[in-house]
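Notes follow the structure.
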Amino acid sequence: MQLENEAKTMDYNFREIEAKWQKYWATNQTFRALNQSDKPKFYVLDMFPYPSGAGLHVGHPLGYIASDIYARYKRHKGFNVLHPMGYDSFGLPAEQYAIQTGQHPAITTEANIKRYREQLDQLGFSFDWSREVRTSDPGYYKWTQWVFIQLFNSWYNKVTDKAEPISDLISSFERSGNKQIEAACDEDILEFSASDWEQFSHKTKQEILLKYRLTYLADTEVNWCPALGTVLANDEIVNGVSERGGHPVIRKKMTQWSMRITAYAQRLLDGLDTIDWPQPLKDSQTNWIGRSEGALVEFGIHDSEYKIPVFTTRPDTIFGASFMTLAPEHELVRKITTTEQKETIDAYVEATAKRSERDRMADVKTISGAFTGAYAEHPFTKEPIPIWIGDYVLAGYGTGAVMAVPCGDQRDYDFAKHFGIPIPNIFDGVDISEEAFADKANTVIANSDFLNGLSFKEATSKVIGELEKIGQGEGKINYRLRDAVFSRQRYWGEPFPVYYVEGMPQMIADEHLPLELPEVEKYLPTETGEPPLGNATTWAWDVEKCLVVDNQKIDHKTVFPLELNTMPGWAGSSQYFNRYMDSTNAEAIYSKEAIGYWQDVDLYIGGSEHATGHLLYSRFWQKFLFDKGIAPKEEFAKKLINQGMITGTSAFVYKDMDSNRVYSKGLLEGRNIIPIHADVSLVNSSDELDVEAFKQWLPEYKEAEFVLEDGRYIVGREIEKMSKSKYNVVNPDLICEEYGADSLRLYEMFLGPLEQSKPWNTAGISGVHSFLKKLWKLYTSVDDSEASAENLKTLHKTIKKVEEDIENFSFNTSVSTFMICVNELTAQKCHSRRILEPLAILVSPYAPHIAEELWEKLGHSQSISEAVFPKFEEKHLVENSKEYPISFNGKMRFKLELPLDLAKDEIEAVVMAHEKTRAQLDGRTPKKVIVVPGKIVNIVG
RNA sequence: GCCUUGGUGGCGGAAUUGGUAGACGCGCUGGAUUCAAAAUCCAGUUCUUUCGGGAGUGUGGGUUCGAUUCCCACCCAAGGUACCA
């Protein structure tokens with residue numbers, strides 16, 4: 001290998017070239033972006049990675065390559081481009097590694113980051129590394145804590161529809177109590193006057209304010225994972241078990257920090273119309289927020305002062321309500337159940353509490369419930385309505401109670417049928433003997449007193465009016481979205497800047513941030529079940545010294561305990577895109593000038609799996625920061641692209657169950673075999689297994705007999721998600737070593753459309769690699785000769801296509817275009833600098849190393865990165881003749897070269913006179929001849 | 001179930017507003033070069049055929065002079081979601 005390279009110095013030596021330019025870019029800080037420029041700004045952002053111990057596989061860089069192409073293209077187009085990168089470096093794997101080995105997560109994280117950086121550098125990305133952020137860096141999480149404090153000190157005013165300072169709310173309370181306040185807040189707030197407020201104790205005031213703050217402490221029913229000793233968010237649970245680790249999860253009440261994201265539900269919905277994000281992603285956010293319009297109806301209970309509020313989307317069907325169902329967890333269940341029914345109800349409640357979410361989910365067919373013995377009173381007919389409980393009603397949605405209208409809702413219908421509850425029909429001319437009638441559009445109400453004859457819409461507004469009159473209801477919009485639990489019982493996360501006085505949370509003043517993570521002996525929860533920070537011995541706040549001090553000094557006078565929870569994974573990623581604008585600023589989250597200049601992200605590329613997590617929380621924080629005047633834009637990213645997943649091609653060997661033989665793929669018939677994953681690196685591109693290497697890799701097969709076909713062992717292939725456990729992971733390092741980063745970049749783009757998921761198959765990489773070699777060869781002798789018309793045509797059609805492709809994120813077709821271009825120029829024996837210079841610039845976003853080298857060879861001393869993108873000129877593509885496809889009944893039968901200035905009837909005359917036309921027609925007379933000049937001729941008949 | 005995306009050669013995929021289906025690449029076949037190999041280059045490669053053609057973009061209909069593209073119904077695959085009142 002070494003000898004060959006030396007012998008052929010003129011060859012494309014990618015190893016040397018790529019190392020050279022990576023060094024050049026680093027030394028010259030080629031991609032450093034300044035926060036001011038005469039050029040227009042453009043911000044290209046990638047989702048920053050969690051630096052895992054496994055390093056990058058070929059699936060990771062897909063989005064990074066695409067964004068890098070776009071960033072480099074925009075530099076050629078004269079933009080001041082911000083293209084930063086960093087690490088989402090808090091997270092569970094490092095913590096679990098710490099639990100196992102005792103090694104501090106910071107050390108593991110540092111080592112992983114180092115490896116990631118090497119791999120990223122190797123791929124030639126044009127990141128501005130001077131702006132790197134790490135969420136676990138105190139200099140960074142200082143500002144995560146700071147945003148948290150801002151949220152704590154804010155409430156949501158529904159009148160102005162924005163977040164406002166909590167101090168304004170306090171002034172209102174002092175002036176006139178809370179009667180006129182319309183806030184996004186807890187539901188259980190009692191009314192109080194100004195004088196009430198004045199008389200409340202300090203602690204009571206604090207308790208009331210917590211119900212208004214945008215981040216607040218509350219007892220929440222949470223998903224507790226005993227194995228991890230932590231609470232999980234809904235989106236961290238997959239199939240009822242923890243996403244990481246697969247441990248069981250149970251429901252439990254805990255005091256937790258929550259984020260009042262529900263205050264922003266409507267704005268998060270409305271904002272979707274203003275951003276250019278993929279429709280499926282918008283749809284999933286819309287569904288997640290889950291807006292539904294309806295009414296809140298209050299039902300009285302017979303012989304009781306309790307009332308049951310119910311949310312319904314069909315208030316028009318209120319006269320069809322024949323029973324009511326409460327969630328088994330509903331707080332009124334205990335209070336209203338009659339003595340006769342107590343045993344039944346208790347048994348049912350206990351049974352559902354035992355059932356995991358997973359059971360309840362898997363078992364949708366079984367209808368279950370129990371009668372409480374109590375009756376509600378219909379608001380209009382005053383008739384008694386039996387109150388049932390059933391696990392099809394969820395405690396967490398609406399009010400945890402439904403007004404059951406069996407004729408109009410299939411679940412209510414099934415429940416009524418099962419328990420023999422009457423099903424009154426309130427629809428005109430509809431048969432409900434088989435199933436419920438839920439078609440709103442065709443609803444005509446009957447048997448409903450003042451609603452008779454009305455449509456869904458008319459009846460709804462009428463009944464809401466009547467409910468308001470009698471004070472038993474109102475129109476209401478309900479959201480499925482819940483407030484986000486923000487506490488985690490973990491070590492490796494941001495500490496809350498919070499200490500407790502009389503059990504009430506107090507914020508540490510901004511100037512003492514960051515509150516740094518304390519050292520702990522063990523990273524597990526404490527023996528008393530407290531979070532890992534409970535193991536810290538120096539974790540108390542001295543309000544006089546403004547310092548973290550020894551726990552033994554806690555006296556609840558000047559030294560107080562600190563919060564033991566840490567923030568969740570999404571805390572650090574919810575504002576990182578803004579921090580890049582001014583990432584080293586120690587005085588502010590970012591300067592007004594920096595964010596005033598960069599404004600927002602112009603292009604964000606990342607995976608669709610973050611649709612309802614990171615991307616929703618980030619939009620929420622951004623809207624909050626916008627309300628506070630800290631961010632100038634209400635949406636942080638104008639355009640977003642989801643890159644598809646790269647799947648791996650797994651390889652299988654087939655073990656015979658009945659013997660110690662392993663059969664090649666073609667020999668399986670009639671045998672009882674089990675497929676075993678083989679590491680894909682042991683298989684060549686012809687699916688042939690290196691048997692000796694396999695035996696070494698899996699020693700248990702050392703003695704096995706491998707039965708070959710035609711002297712080879714052929715593996716089976718299957719497309720699966722790329723994953724370490726399936727041994728189908730392809731490491732980019734090996735490909736860089738063998739073919740170079742430029743080849744890898746081109747190949748990842750060449751695989752197919754960016755947004756679709758596609759299989760990885762290393763076999764095809766030789767194609768793009770030989771393209772680069774051909775490109776290289778084209779520059780071996782460059783001269784100053786005039787470019788021929790043919791040369792210019794090739795170049796300009798390439799410019800046009802590549803420019804269109806990049807603008808449309810269709811990177812795969814650009815690679816084909818380059819191949820065609822180089823093939824044509826090679827055939828044309830083109831040596832002209834006038835062609836080859838612009839071509840180098842065109843290629844440079846895709847294959848930057850070779851482009852820099854060729855640029856230098858062409859005699860330039862500056863980097864190609866800011867060379868002006870070639871201008872497309874239509875004149876080089878003008879043709880004066882066209883090879884017309886001549887089709888018969890829509891099928892192309894032959895082609896005919898004709899001048900483009902020929903008129904319609906002239907074309908027809910020439911075509912009809914042609915001998916092939918006569919042969920095709922075979923004596924028939926055509927019914928019709930369609931001529932589209934410049935396009936096609938179609939003869940019908 | 002619902003929402004979303006997709007279905008085109010042996011494979012990845014291309015086809016701008018309806019106008020030459022299969023660009024480009026892989027693989028395969030044959031050839032050149034070579035002592036041989038690698039590398040490189042040339043030719044061919046949707047299926048079928050009586051070599052004139054004929055059929056063909058998941059299936060079945062429809063609109064049109066003309067449909068991979070538009071409309072209707074259905075099938076399959078991937079991803080998301082989950083009893084949301």
Side-chain angles (χ1 to χ4, degrees), chain A residues 4 8 11 235 278-284 286-288 290-292 294 310-314 325 357 360-361 363-365 367 390-394 396-405 408-412 414-415 478-480 608-609 611-612 642 644-645 647 649 685-686 717 719 721 746-747 750-753 755-768 770-771 773-774 777 800-801 804 808 810 812-820 823 883-895 919-920 926-932 934-941:
Chain A
E4 265 176 41
K8 301 177 186 172
D11 273 3
D235 43 309
Q279 196 55 42
L281 196 155
K282 287 187 183 184
D283 289 344
S284 68
T286 304
N287 293 336
W288 192 262
R291 181 186 204 267
S292 49
V310 162
F311 175 74
T312 174
T313 54
R314 297 297 305 270
T325 318
E357 286 274 299
R360 274 168 82 163
M361 231 168 68
D363 186 21
V364 277
K365 290 260 153 66
I367 294 158
D391 66 3
Y392 80 97
V393 178
L394 304 178
Y397 182 76
T399 62
V402 298
M403 152 189 121
V405 181
D409 181 284
Q410 194 57 44
R411 282 159 315 179
D412 295 345
D414 295 340
F415 193 88
N478 202 48
Y479 298 93
R480 195 187 77 117
S608 58
E609 66 272 23
T612 52
N642 287 133
M645 187 174 66
T647 49
T649 314
S685 57
S686 317
R717 291 290 205 172
I719 308 263
K721 186 180 169 161
L746 280 173
Y747 188 57
F750 190 58
L751 278 178
E755 301 187 54
Q756 280 170 28
S757 81
K758 48 209 164 266
W760 178 267
N761 179 1
T762 317
I765 200 165
S766 63
V768 291
S770 48
F771 156 73
K773 284 197 242 178
K774 282 187 218 165
K777 228 185 238 169
K800 183 167 191 264
K801 178 78 175 136
E804 281 170 2
N808 294 319
S810 173
N812 53 327
T813 48
S814 295
V815 180
S816 314
T817 305
F818 288 136
M819 289 173 172
I820 295 167
N823 289 346
E883 194 178 37
Y884 278 91
I886 311 300
S887 43
F888 293 79
N889 298 320
K891 289 239 167 256
M892 198 279 290
R893 293 307 178 205
F894 66 92
K895 293 173 192 173
Q920 272 292 332
K927 289 195 193 96
K928 205 171 175 185
V929 179
I930 312 278
V931 179
V932 185
K935 282 252 159 104
I936 199 169
V937 177
N938 189 18
I939 297 160
V940 187

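Being a predicted model, the structure only gives us computed values, none of them experimental.
Taking the C1' atoms as reference points, B:G61 lies 25 Å from B:A15, given to the whole Å. Across the P atoms, B:U20 and B:G44 are found 22 Å apart, a figure rounded to whole Å. For the P atoms, the distance linking B:C26 with B:G62 amounts to 42 Å, nearest Å. Spacing between B:A67 and B:U59 at atom P, rounded to whole Å, works out to 15 Å. Across the C1' atoms, B:U68 and B:A23 are found 15 Å apart, a figure rounded to whole Å. Between the P atoms of B:C2 and B:G9, the separation comes to 29 Å (whole Å). For the P atoms, the distance linking B:C41 with B:C24 amounts to 15 Å, nearest Å. A distance of about 14 Å separates the P atoms of B:C72 and B:U5, rounded to the whole Å.
A:Y747 and A:W760 have perpendicular rings, their planes meeting at more than 60° on a 0 to 90° scale where under 30° would count as parallel.
Counting non-hydrogen atoms under 4.0 angstrom, A:K800 reaches nothing in the nucleic acid. Base contact: A:K895 has a heavy atom under 4.0 Å from a base atom. Contact annotation for A:D412: no contact, since no heavy-atom pair falls under 4.0 Å across all strands.
If you measure from atom CZ of A:F771 to atom P of B:C26, you get 12 Å, rounded to the nearest angstrom.
Of the side-chain N and O atoms in A:K758, none sit less than 4.0 angstrom from OP1 or OP2 of B:G12.
Donor-acceptor pairing under 3.5 Å, judged by distance alone, is present between the side chain of A:K935 and the base of B:U17.
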